[in-house]
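The structure under discussion appears below in the form of structure tokens.
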Amino acid sequence: GVSVLLLRACVVLLASPIYLLSFLGMWEPFCRKFFFPFVLDKIGILHEKKSKKIKQELFHNLSDFRGPSGELRLLEIGTGTGTNFQFYPPGCKVTCTDVNPSFQESLSKNMKKNQHLRYEQVLVAAGEDLRQVPSGSMDVVVCTLVLCSVNSVSGTLREVLRVLRPGGAFYFLEHVAAEHSSWTYFWQQVYYPTWKLIFAGCCLTRELWKNLEEAKFSELKMKHIRVALPWMPIEPHIIGYGVK
């Protein structure tokens, strides 16, 4: 406990300019508009390289959840720059949602790159509040690396289940807390407050598998994996899908 607090204080000291900007109310708007989209783009490219095969495996059966009309209506929570578009099946009708409107430029680029999809709408909305989306209107909801930073995981999962039609599926790939006895978990605790400040609310120690097990999915397929990212305390991931 003491060593965590000491090291945590060292990290806070190193990041003191950011804490000062935050105190002055200047960090958050800068982070949202410039820093986070920029860093996400860069980390996204790195994570993408490491997780491409994993995502291909995760999304390979999306088409199984087509609605009775033969269409696949898909909503993505926290679309960001649109790195998942390449994995969606041709003709898929996509609704993009993100709480941060500053991704627009990269998002438009990725939409142009992925002409095999039909883009329905782009909504500025938080995962916990998808009121612009009618209940039961989606076949699939996708969420990758987003549940770490939503204000309420259970609230987001409630909204997911609301917008899905019965028999629809929720696909996820998320980084989670490491084993409590591991070094990774030790460093997750050290970095936690500063990481959360710098990366727009990203929490390192969420045990998201518990939230998914508690949500009311009729069936849940989930596995724990590792995505090796050098110098990043976010190696442990969960991946899978739940059926409403």
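One-based numbering along the sequence shown. Predicted, not measured: the structure shown is a model, and the values here were computed from it.
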query = For Glu28, what residues pass the salt bridge (Lys or Arg N to Asp or Glu O under 4.0 Å) criterion, not counting sequence neighbours?
reply =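 Per chain and number, Glu28 pairs via salt bridge (Lys or Arg N to Asp or Glu O under 4.0 Å) with Arg32.
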With the side chain counted from C-beta on, respond yes when [X] and [Y] share a heavy-atom pair under 4.5 Å apart, and no when they do not.
{"X": "Tyr88", "Y": "Leu72", "value": "no"}
{"X": "Lys52", "Y": "Gln86", "value": "yes"}
{"X": "Asp139", "Y": "Arg165", "value": "yes"}
{"X": "His237", "Y": "Ser51", "value": "no"}
{"X": "Thr79", "Y": "Phe103", "value": "no"}
{"X": "Thr144", "Y": "Tyr171", "value": "no"}
{"X": "Leu130", "Y": "Ile77", "value": "yes"}
{"X": "Ser22", "Y": "Leu197", "value": "yes"}

[atom1]/[X] to [atom2]/[Y] distance, rounded to the nearest 0.5 angstrom?
{"X": "Phe199", "Y": "Ser149", "atom1": "CZ", "atom2": "OG", "result": "12.0 Å"}
{"X": "Leu204", "Y": "His175", "atom1": "CG", "atom2": "NE2", "result": "6.5 Å"}
{"X": "Met222", "Y": "Trp209", "atom1": "CE", "atom2": "CH2", "result": "9.0 Å"}
{"X": "Glu174", "Y": "Leu212", "atom1": "CD", "atom2": "CG", "result": "8.5 Å"}
{"X": "Arg118", "Y": "Glu71", "atom1": "CZ", "atom2": "CD", "result": "5.0 Å"}

Quick check: closest heavy atoms across [X] and [Y], and the distance to 0.1 Å?
{"X": "Ala15", "Y": "Thr194", "result": "CB-CG2, 3.6 Å"}
{"X": "Arg8", "Y": "Tyr192", "result": "NH2-CB, 4.1 Å"}
{"X": "Ile238", "Y": "Leu208", "result": "CD1-CB, 3.9 Å"}
{"X": "Thr184", "Y": "Pro236", "result": "CG2-CD, 4.2 Å"}
{"X": "Phe87", "Y": "Gln56", "result": "CE2-CG, 3.7 Å"}
{"X": "Cys92", "Y": "Leu74", "result": "SG-CB, 3.7 Å"}

Looking at [X] and [Y], would you say the former's side chain and the latter's main chain have a donor-acceptor pair under 3.5 Å?
{"X": "Asn114", "Y": "His116", "result": "no"}
{"X": "Gln188", "Y": "Pro233", "result": "yes"}
{"X": "Thr97", "Y": "Glu76", "result": "yes"}
{"X": "Arg206", "Y": "Cys148", "result": "yes"}
{"X": "Lys244", "Y": "Leu161", "result": "yes"}

request  = Could you tell me whether Arg162 and Glu159 make a salt bridge, using a distance below 4.0 angstrom between a side-chain N and a carboxylate O?
outcome  =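 Here Arg162 pairs with Glu159 in a salt bridge, since their nearest N and O are under 4.0 Å apart.
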key: Pair Glu179-His224, side-chain donor/acceptor within less than 3.5 Å   =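 Looking only at side-chain atoms, His224 and Glu179 do not form any donor-acceptor pair under 3.5 Å.
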query = Step by step, would you call Lys221 with Glu219 a salt bridge (charged side-chain N to carboxylate O under 4.0 Å, His left out)?
reply = CA-CA 7 Å; Lys221 297 201 184 302; Glu219 142 184 28; 3.3 Å; yes
ask   = Are Phe35 and Ile234 linked, directly or through other ILVMFWY residues, by side chains that come within less than 4.5 angstrom of each other?
value =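 Yes, Phe35 and Ile234 fall within the same hydrophobic cluster.
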query = Are Leu220 and Leu157 connected in a single hydrophobic cluster, I mean Ile/Leu/Val/Met/Phe/Trp/Tyr linked by side-chain heavy atoms less than 4.5 Å apart?
reply =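 Yes, it is one cluster - the side chains of Leu157 and Leu220 are joined through contacts under 4.5 Å.
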query = With Leu75, which of Val94, Val133, Val142, Val140 fulfils side-chain contact (heavy atoms from CB on, under 4.5 Å)?
reply =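 Testing Leu75 for a side-chain contact (heavy atoms from CB on, under 4.5 Å) against Val94, Val133, Val142, Val140 leaves exactly one candidate, Val133.
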Aromatic ring proximity, centroids under 6.0 angstrom, Tyr119 and Phe85 =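 Phe85 vs Tyr119: aromatic centres under 6.0 Å.
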ask   = Given the side-chain rings of Trp27 and Phe30, with only the six-membered ring counted for Trp, is the space between their centroids under 6.0 Å?
value =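 Here the rings of Phe30 and Trp27 have centres that are less than 6.0 Å from each other.
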message = Can you tell me if Arg131 has over 12 outside heavy atoms packed within less than 6.0 Å of its CZ?
response =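 Incorrect, the count does not exceed 12.
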